Amino acid sequence: MKITVLSGGVGGSRFIEGLLRTKGPGDDVTVIANTADDIRLFGLHISPDLDTVMYTLGDGIDRERGWGRTDESWNAKEELGAYGIEQAWFGLGDRDIATHLVRTMRLQEGRTLSEVTAELCERWRPGVRLLPMSDDRVETHIGIDRDGHRELIHFQEYWIRLRAQVPVEEVVIQGIDDARPAPGVVEAITGADVVLLPPSNPVVSIGPIAAVAGIREAIERTAAPVVGVSPIIGGGAVRGMADQLLTGLGVDLSATGVAGHHGARASGGLLDGWLVDTTDAGQVPGLQALGMAGRAVPLWMTDDATTDQLARDTVELALSIGRRG
Ligand code: GDP
Ligand code: CA
């Protein structure tokens, strides 16, 4: 079976770990990662979601934090702070910097982000084919109000420095109209047996991937069932701070709200099926009304056993929907 996953960072990686532990021996997993979180800082090209997937699956992640390297030190960050460098809010660990140096060096030599990602994965051996959604530069910016004026700031600044505590007026995915799918991305979707959306952030992880022209069409036309997992349980984001982003876009903070935001493939959206938590089981009939299959299963990835079961449930829902046409 060919399994293709569209992923952000932390939520996506956890889910994919479960998928890799439970997949059949002949199954292949391709991960298309969001690159709209990418940022240039200090002349470095930083790809937070690609790195989170790579480090998590390659067993180099700091499990407690959920991002960055194990056994990390922060000397460079401290030194930057001592120089009064403003961007020192970004979590830049010493080991992590080496990854950004390699990526930046290769890009400057004229390689593509896909090529660099493949090179970095030779070290980390994540057990999946890891593809950036696009080799073109895309950056999510968040519109916030500053003293009565709309100001656009990079998503990382909003997320890390402002801790997502400021109301979102607007989400602008800069460069998305000109971005082309990276090599292999369209084929990974159209040639898949199942396409899965892990419980990644709907606005800043799944949103940008699905907004790349070519990726959206591939999702529209693939015969594979497309099934997603809700990142919202009850009335809030499970981990992290997705609430403000959803509210800012006028999306109802519920599993069904996010499903409606993605939309049913039957009516031009992304989804054939959507998994909600058992505590949200009452929302399943509403999903069917939206035009997608719904199922209620435990969605908290608290330990390996529950994460594995969630991966199995997701694949099972996809297989029960079956191929189109
Ligand atoms: P990021 O790029 O690092 O922010 O990570 P993702 O976009 O992949 O995932 C973030 C989302 O994962 C958040 O919106 C959370 O609501 C969701 N999430 C995290 N842990 C869990 C979990 O255990 N279960 C579910 N259902 N969602 C989760
Ligand atoms: Ca991210």
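Quick note: residue numbers are just sequence positions, from 1. The structure displayed is predicted, hence computed values, not measured ones. In listed order, ligands and their atoms are each counted from 1.
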### Query
Does an N or O from Val10, backbone or side chain, lie closer than 3.5 Å to an N or O of ligand 1?
yes

### Message
Between ligand 1 and Asp49, can you find any atom pair, the residue atom being a heavy atom, that is separated by under 4.0 Å?
### Response
yes

### Heavy-atom closest contact (Trp89 atom, Ile39 atom, distance)
CH2-CD1, 4.5 Å

### Query
Under 4.0 Å from ligand 1, counting heavy atoms only, is it the side chain of Ser205, its backbone, both or neither?
side chain

### Query
Any side-chain heavy atom of Ile321 sitting closer than 4.5 Å to one from Val227?
yes

### Task
Verify the neighbour count for atom CZ of Arg163: are there more than 12 heavy atoms of other residues, nucleotides or ligands below 6.0 Å?
no

### Message
Within the structure provided, determine whether Ser134 and Pro181 are in side-chain contact (heavy-atom separation under 4.5 Å).
### Response
no

### Task
In sequence, state the C-alpha distance, the side-chain angles, and the governing distance for Thr117 and Ser114, and then conclude on side-chain contact (heavy atoms from CB on, under 4.5 Å).
CA-CA 5 Å; Thr117 303; Ser114 302; 5.7 Å; no

### Message
Between Ser230 and Leu299, does the side-chain contact (heavy atoms from CB on, under 4.5 Å) criterion hold? Intermediate values first, please.
### Response
CA-CA 8 Å; Ser230 175; Leu299 294 195; 3.9 Å; yes

### Query
Short N/O distance, under 3.5 Å, between Ile233 and ligand 1?
no

### Task
Provide the number and element of each atom of ligand 1 under 4.0 Å from a heavy atom of Asn201.
6 (P), 7 (O), 9 (O), 10 (C), 11 (C)

### Message
Check this for me, if you would: do Arg69 and Asp96 make a salt bridge, where the nitrogen-to-carboxylate-oxygen distance has to be below 4.0 angstrom?
### Response
no

### Message
Can you tell me if Lys23 has over 12 outside heavy atoms packed within less than 6.0 Å of its NZ?
### Response
yes

### Query
Which ligand 1 atoms are under 4.0 Å away from a heavy-atom of Gly12?
8 (O)

### Message
Taking the side chain as everything from C-beta on, heavy atoms only, tell me whether Thr247 gets closer than 4.5 Å to Leu253.
### Response
yes

### Residue Leu299 vicinity, atoms of ligand 1 by number, heavy atom under 4.0 Å
22 (C), 23 (O), 24 (N), 25 (C), 26 (N)

### Query
Which N/O/S atom belongs to Asp37 and is the closest one to the Ca ion (ligand 2)?
OD2

#### Entry: Nearest neighbour of atom 11 (C) of ligand 1 from the list Pro199, Ser13, Gly11, on a heavy-atom basis
Pro199

#### Entry: Atom indices of ligand 1, in the order listed, that fall short of 4.0 Å to a heavy atom of Gly8
2 (O), 7 (O), 8 (O)

### Task
Identify, by atom number and element, the atoms of ligand 1 in contact range of Trp300, meaning under 4.0 Å from any of its heavy atoms.
23 (O)

### Task
Step through the shown structure and confirm whether more than 12 heavy atoms of other residues, nucleotides or ligands are within 6.0 Å of CZ on Arg323.
yes

### Summary
Closest to atom 26 (N) of ligand 1 by heavy-atom distance, out of Ser230, Gly207, Pro231, Ala33, is Ser230

#### Entry: Within-cut-off N or O pair, Ile232 and ligand 1, under 3.5 Å
no

### Query
For ligand 1, is there an atom lying under 4.0 Å from some heavy atom of Ser7?
no

### Query
What do we get for Pro48 next to ligand 1 when only non-hydrogen atoms under 4.0 Å count, side chain, backbone, both or neither?
neither

### Message
Does ligand 1 come near enough to Ser200 that some N or O of the ligand is less than 3.5 Å from an N or O of the residue?
### Response
yes

